[in-house]
Amino acid sequence: MIDLNTATADALDSVDVLRGHGFEIVRYREDRGRFTSIRQLDEVPGLAGKTDGVEAHVSVNAARAT
């Protein structure tokens with residue numbers, strides 16, 4: 001399971017549904033802060049409505065690591 005809040009662009013690109021969007025996901029996270037929900041992927045440019053089934057591959061650990 002890949003955590004949206006810590007994954008690299010390459011790791012995100014390894015998920016078929018997200019392939020080619022890893023860079024945009026990381027940039028979104030850097031610009032807007034940590035993901036609190038997988039549904040936020042719909043806000044990433046180019047991913048709106050294209051994330052069906054992604055829940056089987058990614059998770060969101062909203063707690064900030066210390």
Side-chain angles (χ1 to χ4, degrees):
M1 193 67 73
I2 297 173
D3 183 358
L4 288 175
N5 287 319
T6 59
T8 64
D10 288 338
L12 293 162
D13 280 336
S14 73
V15 177
D16 284 340
V17 175
L18 303 178
R19 184 163 288 129
H21 297 283
F23 175 80
E24 288 295 333
I25 295 168
V26 171
R27 186 164 70 178
Y28 177 94
R29 183 178 71 207
E30 290 172 350
D31 290 347
R32 299 192 184 200
R34 300 172 65 80
F35 286 88
T36 58
S37 166
I38 292 174
R39 294 179 71 195
Q40 281 179 283
L41 283 173
D42 283 337
E43 298 172 14
V44 175
L47 280 179
K50 299 179 183 176
T51 58
D52 289 343
V54 75
E55 302 87 7
H57 306 283
V58 299
S59 64
V60 173
N61 182 358
R64 184 170 291 250
T66 57

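In this text the structure is predicted, and so the values were computed from the model without any measurement.
In this structure, G22 and L12 approach most closely via the heavy-atom pair CA-CB, 3.9 Å. Between L47 and D42 the shortest heavy-atom distance is O-OD1, 3.6 Å. Summarising the geometry of M1 relative to A56, their closest heavy-atom pair is CE-O, 3.9 Å, with the distance given to 0.1 Å. V17 and D52 make their closest contact through CG2-O, 3.8 Å (heavy atoms, listed as atom of the first residue, atom of the second, distance). Of all non-hydrogen atoms in F35 and V60, the two that sit nearest each other are O-CG1, 3.1 Å. Nearest heavy-atom pair, H21 versus D13, reported as atom, atom and distance to 0.1 Å: N-OD1, 3.2 Å.
Annotation: the span from H57 atom NE2 to I38 atom CD1 amounts to 10.5 Å, rounded to 0.5 Å. To the nearest 0.5 Å, atom CG of residue N5 and atom CD1 of residue I25 are 11.5 Å apart. Separating the CZ atom in R34 from the CG atom in N61 is a distance of 6.5 Å, to the nearest 0.5 Å. Distance check, rounded to the nearest 0.5 Å: CZ of R32 to CD of Q40 gives 9.0 Å.
Applying the salt bridge (charged side-chain N to carboxylate O under 4.0 Å, His left out) test to every pair with at least one member in residues 16-27, sequence neighbours left out, gives these pairs: D16-R19, E24-R27.
Each of V58, V54, L18 was checked for a side chain to side chain contact (heavy atoms under 4.5 Å, CB included) with I2, and the lone residue meeting it is V58.
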